[in-house]
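Everything below concerns the one structure shown next.
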Amino acid sequence: GTERHVLHLEASFQVVLTNDGCGAVSTAGMWASESIFAHQAMILRTRAKPRCLGVRLAMSLPHQQPDGSAPSFVAIGARAQLIERLGFDGIWYGDSIGRGPRPRPDPLMCLAVAGAATTHVELGTAILQVPLRHPVELAQRLLTLHGLSGGRFSAGLGAGSTRADFDAVGVEYTRRF
């Protein structure tokens, strides 16, 4: 089985390392300042890599800025460049439609902006809820992002787990499988 090791670097950062070659960082949906982000990312890189050979680490883009507003193109691009410059292997974005007090930005649009601002870091969804979207339209968007990013996009797909997301788009939660 997969072993999970969780490191809490500070209240707003959580790192999950697994023995199957995966790693992820969560910023709890908040946009930490660049200096805090860079400092904690460097701690993560120096602590995690030597002990976990074969682990690839990705950073999640935050869903909002500290004031609660949506991140701008410039902010997403700058954060993506910082993630790439710090040596992370990927940039991932989660999916939520009906959760929380504010709507979240579209993950594929944010990843497209991140992809335009970077050159080699992998881009991915963690996890895109397939039943909440029309399958043909979703396939077109996934293929477009894959092409625009030069093949750097990986789609993490799932059936969804939160009733609020299904209620927000009028899809029957019990029919998600």
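Keep in mind the model is a prediction, meaning the values are calculated, not measured. These values consider heavy atoms only, across backbone and side chains, with no hydrogens, waters or symmetry-generated copies.
- Side chain of S154 to backbone of G124: no donor-acceptor contact under 3.5 angstrom is found.
- Side-chain N or O atoms of R133 include none that pairs as donor or acceptor with a backbone N or O of V130 at under 3.5 Å.
- One hydrophobic cluster, built from ILVMFWY side chains closer than 4.5 Å, holds both L86 and L61.
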Does F153 form a side chain to side chain contact (heavy atoms under 4.5 Å, CB included) with L111? I'd like the steps, not just the answer. CA-CA 9 Å; F153 173 67; L111 288 170; 4.0 Å; yes
Quick one: do M59 and I91 satisfy side chain to side chain contact (heavy atoms under 4.5 Å, CB included)? Show the steps, please. CA-CA 5 Å; M59 181 62 72; I91 297 172; 5.6 Å; no
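- Residues L145 and L157 share a single hydrophobic cluster, defined by chaining ILVMFWY side chains whose heavy atoms lie under 4.5 Å apart.
- In terms of modelled atom types and a separation under 3.5 Å, the side chain of Q64 and the main chain of S69 share no donor-acceptor contact.
- Counting non-hydrogen atoms of neighbouring residues, nucleotides and ligands closer than 6.0 angstrom, the CZ atom of F73 reaches no more than 12 such neighbours.
- The closest donor-acceptor contact from the side chain of H63 to the backbone of R104 lies at 3.5 Å or more, if one exists at all.
- Under a hydrophobic clustering in which Ile, Leu, Val, Met, Phe, Trp and Tyr are joined whenever their side-chain heavy atoms come within less than 4.5 Å, directly or via other members, L123 and M109 fall into different clusters.
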Verdict with supporting geometry, D106 and R141, side chain to side chain contact (heavy atoms under 4.5 Å, CB included): CA-CA 11 Å; D106 179 271; R141 292 176 66 208; 2.6 Å; yes
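- No donor-acceptor pair under 3.5 Å is formed between the side chain of Q129 and the backbone N or O of A159.
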Give the intermediate values and the outcome of salt bridge (charged side-chain N to carboxylate O under 4.0 Å, His left out) for residues D165 and R176. CA-CA 11 Å; D165 289 339; R176 67 190 185 282; over 6 Å; no
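- Hydrophobic clustering keeps L108 apart from L148 (ILVMFWY residues linked when any side-chain heavy atoms are closer than 4.5 Å, directly or through intermediates).
- Under the 3.5 Å distance criterion, with hydrogens and angles disregarded, no donor-acceptor pair is assigned to the side chains of T119 and R152.
- Salt-bridge formation is not detected for the pair D167/R99: no Lys NZ or Arg NE/NH1/NH2 atom is positioned less than 4.0 Å from an Asp or Glu carboxylate oxygen.
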Residues I127, D95; criterion side chain to side chain contact (heavy atoms under 4.5 Å, CB included); working and verdict: CA-CA 6 Å; I127 293 288; D95 184 24; over 6 Å; no
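- Grouping the Ile, Leu, Val, Met, Phe, Trp and Tyr side chains by contacts below 4.5 angstrom, directly or via other members, places L128 with I76.
- Listed for the T144 side chain is a donor-acceptor partner under 3.5 Å among the backbone atoms of Q140.
- Here the side chains of S60 and Y93 are not in contact, with every heavy-atom distance at 4.5 Å or above.
- Distance CD1/I83 to CH2/W92: 13.0 Å, rounded to 0.5 Å.
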